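This report concerns only the one structure given below.
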Amino acid sequence: MLQVDNLNVYYGAIHALQGISFNVNEGEIVTLIGANGAGKSTTLRTLSGLLRSRTGSITFKGVDISSMPAEKIVEAGISHVPEGRKIFAPLSVRENLMMGAYSRNDPAEIQETLERAYRSFPRLKERAGQYGGTLSGGEQQMLATARGLMSKPTLMLLDEPSMGLSPILVEEIFRIIVEINKQGTSILLVEQNAQMALSVAHRAYVLETGRIVLSGVAKEIADNPQVKTAYLGV
Amino acid sequence: MPEKSDLPAAMSGISRRRRPPLAWVGNGFLIIVAVLAAYVLVSNLAKNPIEFLQNVLDGLKLGCVYALIALGYTMVYGIVKLINFAHGDVFMVGAFTSFYAVSQFNLHQWPQMLFPAIPAGISLVVGSFTVILLSMVVCTLLAITIERVAYKPLRDAPRIAALITAIGVSFFLEFFGALQFVFSPRFIPYKSPFDTTAWYIQGGIHPIVSGQSSPDNTISFSNIFLIILVASVLVQLFLQFLVRRTKIGVAMRAASFDKPTARLMGINVDRVISFTFAIGAAFAGLGGVLYAIAYASIWTQLGILPGLKAFVAAVLGGIGSLPGAFVGALIMGQAESLTMSYISTPMRDAVAFTILIIVLLVKPTGIFGEPAGEKA
Ligand SMILES: Nc1ncnc2c1ncn2[C@@H]1O[C@H](COP(=O)(O)OP(=O)(O)OP(=O)(O)O)[C@@H](O)[C@H]1O
Ligand SMILES: [Mg+2]
């Protein structure tokens, strides 16, 4: 469903992504792992239209989206939950969720999605009127994920959803990711926590300084000796 | 600007150390000024309460006009962090648009000219609304154009570049308007779409015959005063509704907090910015028409001082905050009116900028302002 070919992205003179290619199939969880500064967030930002690639193509459901503006890409069905959650602090929890549904128009359907989000994340319902900025880190991650679902994406890009969470919450968030995937949304998951990511993903790519150095079925990647020493700390 | 202070420590030791050693000199000076001002006000209130109240009403009228301008400053600043100095000149264009619509095209009489059967009163109300609406539309289009041509290309440039451009646009509008074949450089007697009538209160409300002044020691007010007051309050309520309850309004708040993330939500940030300029300009246009009706004479630099005072009002209230702009504008109106009456007329403009300096020294974030950095 998502096909990325030979993507090259620059920050000024910095060549951040050096010709990466990968794909995500319908119904998959694919994880992108790599050290700090490898270019994982850059990849997601390029997919969602916040950054422009200099060369290469991004095809989503058969359409080239590499020069589409970010707001159109959301409409096309890709939702990006950014690194660091990026909750709108001065908006209420409910308003944050409604912004997630900005690309949709039918109020009744949006209301239904909102209620579904409240059912999946009861804590958010309790805090609906509270400012997003006053939530705890874990609650903010729940909100960011729920907000990302409000556009009814067919592909979700998750950038380090486990960052800064306690082990119990990490378990919880990965359980939610699997749940979202089971309901039919494909997922591209960027993680520092390679072990967890590899345990839920179907396939994995390893990114090193802007290049993909390894790819394959998640279990095999997890058993790869190099990956074990570099990312799994075994 | 103070640094973000989310730590309790910032409020105790750290911030105290950062204060300059002679801060008490400035504070002492401010206290003396405040005491003197309070003395002047209280003694005049005691001397002649009716006259004092009249001055407060005059200040309210000014303040409500400033409020209509200030909200444009504050909303635009909130979303693009730009002090749009051309905003006062958009206000001026609003006044001129209505002047030409009325004096050249008799737009304020269109209902009766098209349908002679319509009663004169209704025709006048509908006609005047049309004139105001036209001015608002012209200002909106002007502001959208300015944003597109002058500010949008500089969106990623250093903020000072856009600020200088805004000053340039402001001068351009003033001096282009001053050309003979545009608005001309002269003061022009304003032709109002409707007559101003005034009343005075003395055991009841009595009309003032035009050409005569109200009896001594009475309070007087005019229809345009009431219109300005109502318009200003309604606009404030409308904007509160807009930013709290509508999709585009919440998107404005989201985009002013974090533009990239707003785009990830599917918000077309460019369109939201255009919309913000448009709303601000529409109400500046409304303010321009009402101001011209109330003060009866127009010229191309008419927007400069009200614009700057509205800017001070927005800073005083906490730039970025809508209620702040309103409250700030009301304070500015009072300061100006009371200064004019009890200190000296030429001081009326100086006092506005004195307030600006004091706000920047004492509380740069203004009355309703959040700590800087939070909105960055
Ligand atoms: N705005 C920017 N300007 C210049 N260079 C940038 C910018 N953003 C990222 N980079 C550089 O691009 C490279 C890739 O950054 P990116 O944020 O994609 O890494 P990452 O894999 O997400 O790392 P982390 O795990 O720390 O989040 C880094 O070397 C980084 O310094
Ligand atoms: Mg990253």
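Values in this document were obtained by computation on a predicted structure and should not be read as measured data.
The environment of CG in B:Asp156 is sparse: at most 12 heavy-atom neighbours from other residues, nucleotides or ligands sit within 6.0 Å. More than 12 non-hydrogen atoms from other residues, nucleotides or ligands lie less than 6.0 angstrom from NZ of A:Lys152. Surrounding CZ of A:Arg52 are more than 12 heavy atoms belonging to other residues, nucleotides or ligands, all under 6.0 Å away. Within 6.0 Å of atom OH in A:Tyr131, 12 or fewer heavy atoms from other residues, nucleotides or ligands are found, so the atom counts as exposed in its surroundings. Atom CD of A:Glu26 sits in a sparse spot, with 12 or fewer heavy atoms from other residues, nucleotides or ligands closer than 6.0 Å. The neighbour count for B:Lys247 NZ, taken as heavy atoms of other residues, nucleotides or ligands under 6.0 Å away, is above 12.
The side-chain heavy atoms of A:Leu50 and B:Leu264, taken from C-beta on, include a pair separated by under 4.5 Å. For the pair A:Arg85 and B:Thr261, the minimum side-chain heavy-atom distance is 4.5 Å or more. Counting heavy atoms from C-beta outward, A:Met99 and B:Ile267 have side chains that approach closer than 4.5 Å. B:Phe257 is not listed as a side-chain neighbour of A:Ile87, based on a closest heavy-atom distance of 4.5 Å or more.
The two residues B:Asn268 and A:Tyr102 come nearest to each other via the heavy atoms N-CE2, 4.5 Å. For the residue pair B:Gly266 and A:Glu71, the shortest heavy atom distance occurs at O-CB, 3.4 Å.
Contact tally against chain A (heavy-atom pairs below 4.5 Å) for B:Pro260, B:Ala262, B:Ala254: the top residue is B:Ala254. When A:Met98, A:Glu75, A:Arg104, A:Arg147 are compared by the number of non-hydrogen pairs under 4.5 Å with chain B, A:Arg147 comes out ahead.
Distance CE/B:Met265 to OG/A:Ser151: 8.0 Å, rounded to 0.5 Å.
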Throw together a table of side-chain donor-acceptor distances under 3.5 angstrom for residues 141-149 of chain B, partners on residues two or more places apart or in other chains.
from, atom 1, to, atom 2, distance (Å)
B:Thr145, OG1, B:Leu141, O, 2.6
B:Glu147, OE2, B:Arg155, NH2, 2.5

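Here A:Glu95 does not pair with B:Arg244 in a salt bridge; the nearest charged N to carboxylate O distance is not below 4.0 Å.
Annotation: residues 323-333 of chain B contacts chain A through no residue [non-hydrogen atoms, separation under 4.5 Å].
The main-chain N or O of A:Leu91 is never found under 3.5 Å from a side-chain atom of B:Arg253 such that the two would form a donor-acceptor pair.
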